[in-house]
Number of protein chains: 2
Amino acid sequence: MTAGEVFARRGFRDSTVREISTLAGANLAAVNYHFGDKKGLYHAVIACGHEAAGPMPADEAAGISDPREALRVYCRAFLRRILDHRKPEWHSKLMAREMAEPTEALDEMVKMMIRPHWERLGAIVGAILGPSASPRLVRLATQSITSQMVFYAHARPVLDRLFPAEEWSPASIERRGEDVAAFSLAALDSLRRVGGKA
Amino acid sequence: MTAGEVFARRGFRDSTVREISTLAGANLAAVNYHFGDKKGLYHAVIACGHEAAGPMPADEAAGISDPREALRVYCRAFLRRILDHRKPEWHSKLMAREMAEPTEALDEMVKMMIRPHWERLGAIVGAILGPSASPRLVRLATQSITSQMVFYAHARPVLDRLFPAEEWSPASIERRGEDVAAFSLAALDSLRRVGGKA
DNA sequence: GATCGAATCAAACGGATGTTTCAAACGATT
DNA sequence: AATCGTTTGAAACATCCGTTTGATTCGATC
């Protein structure tokens with residue numbers, strides 16, 4: 001769908017049905033015929049993007065028993081799904097936009113993607129921190145790790161301005177996943193040693 | 001400025017000059033008279049919000065020599081500036097919006113706020129990690145810490161849906177700052193021990 | 001090849017938005 | 001009190017958008 005790129009670039013309101021249809025080589029009225037209205041097209045784009053964005057990180061880290069290794073695999077898969085420009089990169093942009101400016105579509109996204117992610121990553125973090133860790137600490141650590149990854153989707157324009165020379169090849173994306181995992185594992189190690197003080 | 005609230009809630013394009021002017025009790029044409037056009041009003045709002053958002057975290061953590069304590073103070077001040085609803089909370093929303101959908105205003109924001117933040121926090125992180133840490137490690141750690149805090153501004157709608165019962169009082173905001181600092185200090189401690197391996 | 005539903009197309013409609021216009025009110029200065 | 005630059009006010013303007021309409025083409029089925 002070329003509509004996804006336009007929605008991701010311009011936002012829902014700024015995207016015009018005219019631009020989308022001409023860019024897609026279709027007629028203006030085709031949108032309303034096939035999707036009812038503009039909002040219907042938007043929902044279809046989000047659903048399509050969710051499937052086209054590749055496997056969920058939770059699936060890629062499914063069979064790994066060692067939680068520390070699982071975290072590394074999970075972080076790499078997450079960033080791959082978000083950043084790899086061989087996949088429809090507009091999907092993560094659309095998600096970032098939904099978070100800053102929620103519509104009804106956000107509830108669907110939370111149910112389909114975000115909550116599953118949170119539970120899977122929370123389980124990994126809980127396994128690393130050990131049974132003595134409080135649920136609150138697990139939740140906070142899960143959030144800290146998530147934020148480091150989502151940051152790449154939310155603040156990419158800022159990063160491009162701060163560090164214009166940065167590389168975004170598939171290889172360096174993998175390394176970023178390793179870096180997030182390393183930072184987080186370092187934190188979890190210390191926190192585990194100190195115990196569930198929070 | 002009531003215009004800031006509207007811009008933060010609806011976004012630039014979705015905000016209508018009519019709604020802003022009626023909500024502000026002013027006439028429709030007043031906007032174009034005082035600010036030239038809608039975009040001029042937007043820039044004025046951003047500049048005004050920057051000043052009204054209170055002191056920069058870098059200033060609040062200026063006189064502290066112990067870098068670990070400086071990090072704690074800095075994190076608390078940062079989240080206070082972002083989350084405290086007694087201050088114009090629309091400023092952080094506007095920033096989040098600019099990052100997802102950059103306009104010319106983002107360059108100004110990077111120069112005025114983001115890069116100073118990055119340099120100050122980077123200095124604190126560098127002091128904690130010690131002179132043996134590579135610049136790359138310092139940069140990554142600074143980014144990880146920043147992301148944990150910015151997450152609250154970017155993903156707040158998601159957090160509200162994931163954990164509806166969460167509290168956002170000034171006191172709990174302070175504690176969130178402590179939590180971010182604790183997680184980050186734990187990571188920095190481990191990384192310092194391992195050395196600049198990255 | 002005739003038929004009928006689905007899909008496409010150009011054109012137009014109704015509404016909303018940013019901007020302009022021009023007259024009226026204001027306020028300091030003389 | 002008269003004057004003149006500044007600010008407000010209501011109304012209109014020009015444009016663009018999402019949607020609808022009705023005619024036309026397409027494609028499978030009999």
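Just so we're on the same page: letters track the sequence lines, and every chain starts at 1.
- Under 4.0 Å is where a charged nitrogen must lie from a carboxylate oxygen, and between A:Arg175 and A:Asp179 no such pair does.
- Within the structure, every pair that satisfies the salt bridge (Lys or Arg N to Asp or Glu O under 4.0 Å) test and touches residues 107-126 of chain B, not counting sequence neighbours, is listed here: A:Arg161-B:Asp107.
- Applying the 4.5 Å side-chain rule to ILVMFWY residues, one finds B:Val73 in the same cluster as B:Ile64.
- Residues satisfying the side chain to side chain contact (heavy atoms under 4.5 Å, CB included) criterion with B:Asn32, sequence neighbours excluded, are absent altogether.
- A:Asn27 places its CG atom 6 Å from the C1' atom of C:dT8, with the value rounded to the nearest Å.
- Running 5' to 3' along DNA chain D, contacts with non-hydrogen atoms of chain A at under 4.0 Å begin and end at D:dC17 to D:dT21.
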Below 3.5 Å, can you tabulate the donor-acceptor pairs from side chains in residues 10-17 of chain A to any protein atom, sequence neighbours excluded?
from: A:Arg10; atom 1: NE; to: A:Glu19; atom 2: OE1; distance (Å): 3.0
from: A:Arg10; atom 1: NH2; to: A:Glu19; atom 2: OE2; distance (Å): 3.2
from: A:Arg13; atom 1: NH1; to: B:Asp14; atom 2: OD1; distance (Å): 2.5
from: A:Asp14; atom 1: OD1; to: B:Arg13; atom 2: NH1; distance (Å): 2.7
from: A:Ser15; atom 1: OG; to: A:Val6; atom 2: O; distance (Å): 3.2
from: A:Ser15; atom 1: OG; to: A:Gly11; atom 2: O; distance (Å): 2.5
from: A:Thr16; atom 1: OG1; to: A:Glu19; atom 2: N; distance (Å): 2.9

Show each protein N/O and nucleotides 4-7 of chain C N/O combination with a separation under 3.5 Å, one pair to a line.
from: C:dA7; atom 1: OP2; to: A:Tyr33; atom 2: OH; distance (Å): 2.8

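- Within the structure, ring-ring contact (aromatic ring centres under 6.0 Å, His included) contacts touching residues 109-149 of chain B (residues at least two apart or in different chains) are A:Phe163-B:Trp118, B:Tyr74-B:His117, B:Phe78-B:His117.
- For residues 163-174 of chain A, the set of pairs meeting the salt bridge (Lys or Arg N to Asp or Glu O under 4.0 Å) definition, not counting sequence neighbours, comprises A:Arg76-A:Glu174, A:Arg80-A:Glu174, A:Glu166-A:Arg176, A:Glu166-B:Arg139.
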Without placing hydrogens or testing angles, list every side-chain donor-acceptor pair under 3.5 Å for residues 39-56 of chain A, not counting sequence neighbours.
from: A:Tyr42; atom 1: OH; to: A:Glu98; atom 2: OE2; distance (Å): 2.8
from: A:His43; atom 1: ND1; to: A:Lys39; atom 2: O; distance (Å): 3.0
from: A:His50; atom 1: ND1; to: A:Arg81; atom 2: NH2; distance (Å): 3.3

Close N/O contacts between protein and nucleotides 18-23 of chain C (under 3.5 Å):
from: C:dG18; atom 1: OP1; to: B:Ser15; atom 2: O; distance (Å): 3.0
from: C:dG18; atom 1: OP1; to: B:Lys38; atom 2: NZ; distance (Å): 2.7
from: C:dG18; atom 1: OP2; to: B:Val17; atom 2: N; distance (Å): 2.9
from: C:dG18; atom 1: N7; to: B:Arg18; atom 2: NH1; distance (Å): 2.8
from: C:dG18; atom 1: O6; to: B:Arg18; atom 2: NH2; distance (Å): 3.1
from: C:dT19; atom 1: OP2; to: B:Lys38; atom 2: N; distance (Å): 2.9

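- Listed by first and then second residue, the ring-ring contact (aromatic ring centres under 6.0 Å, His included) pairs that reach into residues 88-112 of chain A come to none, sequence neighbours excluded.
- Looking at residues two or more places apart in sequence or on another chain, you find no salt bridge (Lys or Arg N to Asp or Glu O under 4.0 Å) involving B:Asp59.
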